[in-house]
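So the structure is just underneath, and the comments pick up after that.
What you are looking at is a predicted structure, and each value in this text was computed from that prediction instead of being measured.
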Amino acid sequence: MTDRILFTIALAVSLYFGYGHCWEQDLMLNVNVKDDYLVVGAFGWFPNPSVYYKVLDYPYPHRYAVIEKDFEEDPGRLLWAVYYPFPRYLYSALIAAPDSVYIDGKGDYLSLPGEGDLGMNPPRDLKLPAEGDSLATLSPNSMRRIWRGDAAIAPLSAFDVIVSTLIRYRKWYADRWDADRIYLVIDGSFFRHNKFHELHPLIIALKEIGFRYVEVMVNVNKDDDAFRVSAMEWAYQEIYRLSGLERPKINPSGDLRLVETRPSIMEETVRKKISKKFSDKFFTESAGRMKDYKAKAFGWVEFLWTKDVKVRGSRSAEDVAETMRQRSPGLKHIYNKFLKKKPRFKGRVVLRFEIAPSGEVARPTVAYSSTGYEEFDNAIRDAVGQMTFGTVESGSAKVTIPLTFGFWVL
């Protein structure tokens, strides 16, 4: 009984003074910059789709063009959009992004995937607006009448997609104390390959959409701390030179939150003591129970965020993902059966299929697999092919969904 009380107290204190406190106080709006994608996160998480890109050269030098992918390993196709052509051929590459790409009345881009190999050619179905049409850009109150020469087709910039997400977040969380600050989490390879200057349009856009403070974090190996410090200093100099944005103040411990949002020393001490006492007791007892115990693997199947389910047609990604989650016990049963044949294999299987208006699945295929086990992949494909989804009035839907299979040992 005493152990249960101790555990309850430790959990409550940890949630209230630790994670719960941080989530309640800090927005932690950030842009994660990787070698092949950008993504916006908040509260330390990344709930938005990753914006994959390809760095183009002539006639769009250093342009981070968006690549539409159905799943991470998909080579994808370039997306093209309608832009205000200033400066011509560079568009948002040299100016702040919010006032360059055109959007429709719903706030969506006028864009389509390109044609040819990897979508490198402009799509023929993407038409320029007619003279006299009224269109807006991402900037507020930017509706303008289009005249000859006021629009051109160019690859959609990844910076524009990121900016539109940041604009939406700042609007949602306008009452947060840290809604005017942003964290850039950048891979060290950007600095090693002298790429940071290519992020200049993004830096300028941050100021244009209302941010006042920026914090830089560089991801490098722990033994490259000197390089990390020099890279951060270089980044701050460039950011200040380009935009005049300030660096947020941090407390001496290096915590990203401001001093006034941190728990008191007494609260932290109580939490640490209770947590340590409980964890020591737990691991000691667990070690005793594990003696002479024969390990057994139990499989699980993970559905990624709904954003990773690609649906084109008459259904929503939310509905498809929910149905797949309801059917997941059957998929897990298949995985556990195959674990007995080939112990401890795991991986990811990406399926493509169509859903008819009646809810029946047609033409299921394995688009990608990392399991190295074709018999298992085909079994999963066949199981999904026998599923039924809800009915709709008309129209089929094309679905791409990734399934991750793994196990834990008990």
Side-chain angles (χ1 to χ4, degrees), residues 31 37-40 48-70 75-171 198-206 208-209 307 310 312-313:
V31 177
Y37 71 87
L38 312 171
V39 62
V40 174
N48 297 287
S50 297
V51 182
Y52 291 93
Y53 64 81
K54 175 181 176 62
V55 182
L56 301 181
D57 198 354
Y58 179 84
Y60 314 101
H62 306 304
R63 185 178 183 84
Y64 283 53
V66 175
I67 299 175
E68 182 183 59
K69 293 188 174 192
D70 285 339
R77 291 186 296 170
L78 220 62
L79 281 180
W80 295 72
V82 179
Y83 275 86
Y84 180 73
F86 180 80
R88 189 169 297 278
Y89 299 120
L90 297 184
Y91 308 100
S92 64
L94 294 179
I95 60 177
D99 198 34
S100 55
V101 60
Y102 285 118
I103 55 178
D104 61 18
K106 298 179 181 179
D108 297 326
Y109 306 109
L110 306 174
S111 66
L112 284 174
E115 299 177 358
D117 187 29
L118 301 179
M120 295 298 292
N121 300 322
R124 285 169 288 185
D125 292 337
L126 182 59
K127 306 298 183 182
L128 291 175
E131 289 191 30
D133 287 350
S134 294
L135 289 176
T137 63
L138 295 174
S139 295
N141 305 317
S142 60
M143 184 68 71
R144 64 172 68 124
R145 192 176 296 276
I146 305 299
W147 300 110
R148 185 176 182 180
D150 282 349
I153 293 175
L156 178 62
S157 168
F159 297 150
D160 288 335
V161 179
I162 293 297
V163 164
S164 65
T165 305
L166 292 175
I167 290 174
R168 186 169 65 250
Y169 267 44
R170 292 196 75 248
K171 183 178 180 180
E198 296 176 8
L199 298 179
H200 287 179
L202 178 62
I203 302 303
I204 297 173
L206 294 179
E208 293 293 321
I209 62 180
K307 66 182 178 61
K310 308 297 183 183
R312 297 180 180 88

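Residues that satisfy the side-chain hydrogen bond (donor to acceptor under 3.5 Å, both in side chains) test with Tyr169, not counting sequence neighbours, are Asn48. Met120 is linked by a side chain to side chain contact (heavy atoms under 4.5 Å, CB included) to Lys54, Leu56, Leu78, Leu118, counting only residues two or more places apart in sequence or in another chain. Under the salt bridge (Lys or Arg N to Asp or Glu O under 4.0 Å) criterion, Asp150 pairs with no residue at all, not counting sequence neighbours. Every residue two or more places apart in sequence or in another chain that forms a ring-ring contact (aromatic ring centres under 6.0 Å, His included) with Tyr52 is listed here: Tyr37. The ring-ring contact (aromatic ring centres under 6.0 Å, His included) test applied to Tyr53 returns Tyr64, not counting sequence neighbours.
Identified under the salt bridge (Lys or Arg N to Asp or Glu O under 4.0 Å) test for residues 116-143, with sequence neighbours left out: Glu115-Arg124.
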Please determine whether side chain to side chain contact (heavy atoms under 4.5 Å, CB included) holds for the pair Arg312 and Asp70, giving the CA-CA distance in whole Å, both sets of side-chain angles, and the decisive distance to 0.1 Å. CA-CA 11 Å; Arg312 297 180 180 88; Asp70 285 339; 2.9 Å; yes

Show your working on side chain to side chain contact (heavy atoms under 4.5 Å, CB included) between Val161 and Leu38 and close with a plain yes or no. CA-CA 9 Å; Val161 179; Leu38 312 171; over 6 Å; no

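Considering only heavy atoms from C-beta on, Leu199 comes within 4.5 Å of Phe159 through its side chain. Between Ile209 and Leu138 the shortest side-chain heavy-atom distance does not fall below 4.5 Å.
Note that CD1 of Ile67 is 12.5 Å distant from OG of Ser50, once rounded to the nearest 0.5 Å. Rounded to the nearest 0.5 Å, atoms CG (Leu128) and CD1 (Ile153) are 4.5 Å apart. Between the CZ atom of Arg63 and the CG atom of Leu156 there is a distance of 7.5 Å, given to the nearest 0.5 Å.
Tyr83 approaches Val101 most closely through the heavy-atom pair CE2-CB, 3.5 Å. The two residues Tyr102 and Ala151 come nearest to each other via the heavy atoms CE1-CB, 4.0 Å. When all heavy atoms of Pro113 and Pro123 are compared, the pair lying nearest together is O-CB, 3.3 Å. Nearest heavy atom pair, residue Tyr109 against residue Ile103, reads CD2-CG2, 4.1 Å. Between Pro49 and Val39, the shortest heavy-atom distance links the atoms O-CG2, 3.9 Å. Residues Ala136 and Met143 approach most closely at N-SD, 3.8 Å, considering heavy atoms.
Judged by distance alone, with hydrogens and angles left aside, the side-chain atoms of Ser142 form a donor-acceptor pair with the main-chain N or O of Thr137 at under 3.5 Å. Between the side chain of Arg145 and the main chain of Gly132, a donor-acceptor pair closer than 3.5 Å is present.
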